[in-house]
Protein chains: 2
Amino acid sequence: MAPQTPPPRRTPLNRDRVLHAAVALADRSGHEALSMRGLAQDLGVVPMALYKHVANKEQLLDGMVDVIVGEIEPPAAGAHWKNAVRGRILSARRALLRHPWASRVMESRPAPTPGVLGYLDSVIGAFRAGGLSADLTHHAMHALGSRVWGFTQDLFPAPPDDADAGEPAGLPGEMAARYPHIASIAAIAASRPHDGDSVVGGGCDDQFEFEFALDLLLDGIERLHRQGWTSAG
Amino acid sequence: MAPQTPPPRRTPLNRDRVLHAAVALADRSGHEALSMRGLAQDLGVVPMALYKHVANKEQLLDGMVDVIVGEIEPPAAGAHWKNAVRGRILSARRALLRHPWASRVMESRPAPTPGVLGYLDSVIGAFRAGGLSADLTHHAMHALGSRVWGFTQDLFPAPPDDADAGEPAGLPGEMAARYPHIASIAAIAASRPHDGDSVVGGGCDDQFEFEFALDLLLDGIERLHRQGWTSAG
DNA sequence: ACCTGAACACCGTTCAAGT
DNA sequence: ACCTGAACACCGTTCAAGT
């Protein structure tokens with residue numbers, strides 16, 4: 001008799017394999033489908049095995065955030081501060097768009113991870129390198145809010161695909177009657193192409209809307225900077 | 001023998017009682033403590049009794065959102081469009097600040113409730129009454145994003161209260177060394193008073209920051225309006 | 001050192017039954 | 001008509017045990 005073959009030895013688990021498997025699972029099945037048990041099954045392992053590599057689910061989510069932050073491209077050197085900030089934010093947006101669950105997970109973290117702090121530090125650094133005061137930069141960061149990550153909370157969720165296509169524009173007739181002002185701008189929204197699935201959280205947070213708002217804020221900040229604005233005066 | 005007293009008849013459940021009990025429970029114990037089972041216990045009823053009044057937990061959350069939206073004050077008549085929008089948004093902010101869980105629940109809704117649509121319709125109406133085009137109003141609403149509800153996603157969670165008070169300003173020394181740009185603006189943040197618990201999601205999203213960003217956006221929109229801006233040109 | 005099995009204290013929700 | 005009890009299919013996490 002040949003000696004019993006040992007049980008198949010999988011490549012041993014480590015934190016990185018766990019984190020990347022979690023990202024892959026969330027990419028495939030969405031944020032709400034990400035459970036410790038489901039992740040363990042993906043890795044061919046019993047749920048408890050994960051707890052040797054991440055302390056708990058919160059730490060798993062923190063680790064996933066840093067995986068995504070790691071995908072943001074390094075800053076461009078030598079650009080004007082407005083272009084430097086703009087470029088950094090649009091790169092973050094591209095990373096977040098690759099992982100539709102990422103914005104929601106990001107929002108859910110009670111404390112910033114090292115990766116998050118590093119990215120924020122670099123954005124602040126870009127403002128300061130342009131000569132903006134610490135005061136103005138502080139308020140600029142608050143004004144940008146989640147937009148520094150390249151996403152925004154959307155207010156008009158995308159209507160379901162089976163929405164009545166025979167309607168004049170945007171909204172079904174009953175709703176248009178009840179919410180006339182929404183109907184008036186929904187007609188505009190329906191008449192311009194939105195980029196279908198490159199959407200964070202559904203709706204029409206497309207590239208045009210994002211850059212419109214980003215530039216509105218950056219232009220306003222630039223104007224205050226040139227006026228020598230301070231929060232004291 | 002006296003006839004057996006019937007079991008105590010509680011005032012019968014209805015949708016409104018369920019919704020208001022849910023709001024009270026979330027106010028008291030936070031969003032994550034809100035479970036169908038816990039809510040049932042609060043109402044002195046078995047969990048399944050709730051399902052006669054709300055179809056499921058999602059519908060419960062939708063109902064809670066509309067309770068909060070109902071607390072927003074009616075619009076002021078006859079104001080300039082910028083003040084009308086501003087007033088509406090600041091009133092929404094006051095309602096949301098009374099229920100710290102509300103912003104997170106709001107963000108989680110996949111489809112707008114009637115109350116949400118009514119409020120958004122009124123804000124859009126305020127823009128249109130000021131003569132802004134449907135086009136510009138549409139982009140303005142997107143640019144405002146969750147700010148129309150009076151809250152913004154915060155990027156710097158409040159440091160724990162036991163943070164080293166002997167540090168020069170804002171950040172512990174080790175962090176200040178690793179993230180110098182954050183440290184430079186955290187010093188500013190630490191030197192101004194923040195309103196302690198009137199905070200949505202923790203951090204320094206205080207009234208000053210909120211109004212700074214709101215006015216930055218409204219001023220930018222006003223400027224575009226006066227220039228006759230259109231997305232086409 | 002690394003993984004496992006069984007258990008605990010929870011969830012939202014269903015179904016068939018009670019009054 | 002309105003509420004109940006028991007059950008189902010899940011969670012994250014613990015503990016003591018296996019190899």
Side-chain angles (χ1 to χ4, degrees), chain A residues 3-26 28-65 101 104-105 108-111, chain B residues 3-26 28-65 101 104-105 107-111 113:
Chain A
Q4 264 193 262
T5 50
R9 273 255 164 260
R10 312 194 152 279
T11 68
L13 234 48
N14 60 45
R15 200 180 136 87
D16 236 62
R17 283 224 311 140
V18 170
L19 259 31
H20 282 87
V23 167
L25 174 55
R28 188 171 5 102
S29 318
H31 166 217
E32 69 289 345
L34 180 78
S35 71
M36 296 299 272
R37 292 167 120 107
L39 176 56
Q41 188 169 299
D42 266 26
L43 286 160
V45 111
V46 92
M48 261 315 292
L50 301 174
Y51 287 81
K52 289 276 124 128
H53 304 102
V54 291
N56 49 42
K57 192 175 181 182
E58 294 294 288
Q59 204 186 90
L60 175 76
L61 293 173
D62 276 347
M64 292 170 72
V65 164
W101 49 269
R104 286 201 172 279
V105 170
S108 78
R109 303 299 73 220
Chain B
Q4 264 193 260
T5 49
R9 274 252 165 262
R10 313 194 150 278
T11 69
L13 235 45
N14 59 45
R15 198 181 137 87
D16 235 61
R17 283 222 315 138
V18 170
L19 258 30
H20 281 87
V23 167
L25 174 55
R28 187 169 7 99
S29 318
H31 166 219
E32 68 291 345
L34 180 78
S35 69
M36 296 299 273
R37 293 165 118 108
L39 176 57
Q41 188 169 298
D42 266 27
L43 286 161
V45 110
V46 92
M48 262 315 292
L50 301 175
Y51 286 81
K52 289 276 124 118
H53 304 101
V54 290
N56 48 42
K57 194 177 180 181
E58 294 294 288
Q59 203 185 92
L60 175 75
L61 294 172
D62 275 349
M64 292 169 72
V65 164
W101 48 270
R104 287 201 172 281
V105 171
E107 286 180 342
S108 79
R109 304 298 75 222
T113 60

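Order of the sequence lines fixes the chain letters, A, B, ..., with proteins taken first and strands second; residue numbering starts at 1 for each chain.
Residues B/Leu50 and B/Leu60 have side chains not in contact (no heavy-atom distance under 4.5 Å, counting atoms from C-beta outward).
Counting non-hydrogen atoms of neighbouring residues, nucleotides and ligands closer than 6.0 angstrom, the CD atom of A/Gln41 reaches no more than 12 such neighbours.
The separation between B/Asn14 atom CG and D/dC2 atom C1' is 13 Å, rounded to whole Å. Rounded to whole angstrom, the span from the NZ atom of B/Lys52 across to the P atom of C/dA17 amounts to 15 Å. Rounded to an integer number of Å, the gap from A/Leu50 CG to C/dC2 P is 14 Å. Separating the CZ atom of B/Arg17 from the C1' atom of D/dC3 is a distance of 13 Å, rounded to the nearest angstrom.
Within the 3.5 Å criterion, the main-chain N or O of B/Arg104 finds no donor-acceptor partner in the side chain of B/His31. A donor-acceptor pair under 3.5 Å is absent between the side-chain atoms of B/His53 and the main chain of B/Val18, judged by distance alone. Without hydrogens or angle criteria, B/Arg109 side chain to B/Glu58 main chain gives a donor-acceptor distance under 3.5 Å.
Between the OG atom in B/Ser29 and the CG atom in B/Asp42 there is a gap of 7.5 Å [rounded to 0.5 Å].
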*Given the rule in the side-chain contact (heavy atoms from CB on, under 4.5 Å) test, do A/Trp101 and A/Leu34 qualify, once you have shown the distances and angles that lead to the verdict?*
CA-CA 10 Å; A/Trp101 49 269; A/Leu34 180 78; over 6 Å; no
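Candidate nucleotides D/dT13, C/dC15, C/dT4 were compared by shortest atom distance to the side chain of B/Met48, and C/dC15 ranks first.
For the pair A/Pro47 and B/Ala49, nearest-nucleotide mapping onto DNA chain D gives the more 5' position to B/Ala49.
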*Scan nucleotides 7-12 of chain D nucleotide by nucleotide, 5' to 3', and note B when protein non-hydrogen atoms come under 4.0 Å of the base, S if they reach only the sugar-phosphate, - if neither.*
----BB
*What would the secondary structure line of DNA chain D be in dot-bracket form, counting Watson-Crick and G-U wobble pairs under 3.5 Å, with [ ] for pairs that cross earlier ones and | for pairs with another strand?*
||.|||||...|||||.||
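Applying the side-chain hydrogen bond (donor to acceptor under 3.5 Å, both in side chains) rule to A/Arg37 yields no partners; only residues at least two apart in sequence or on another chain are considered.
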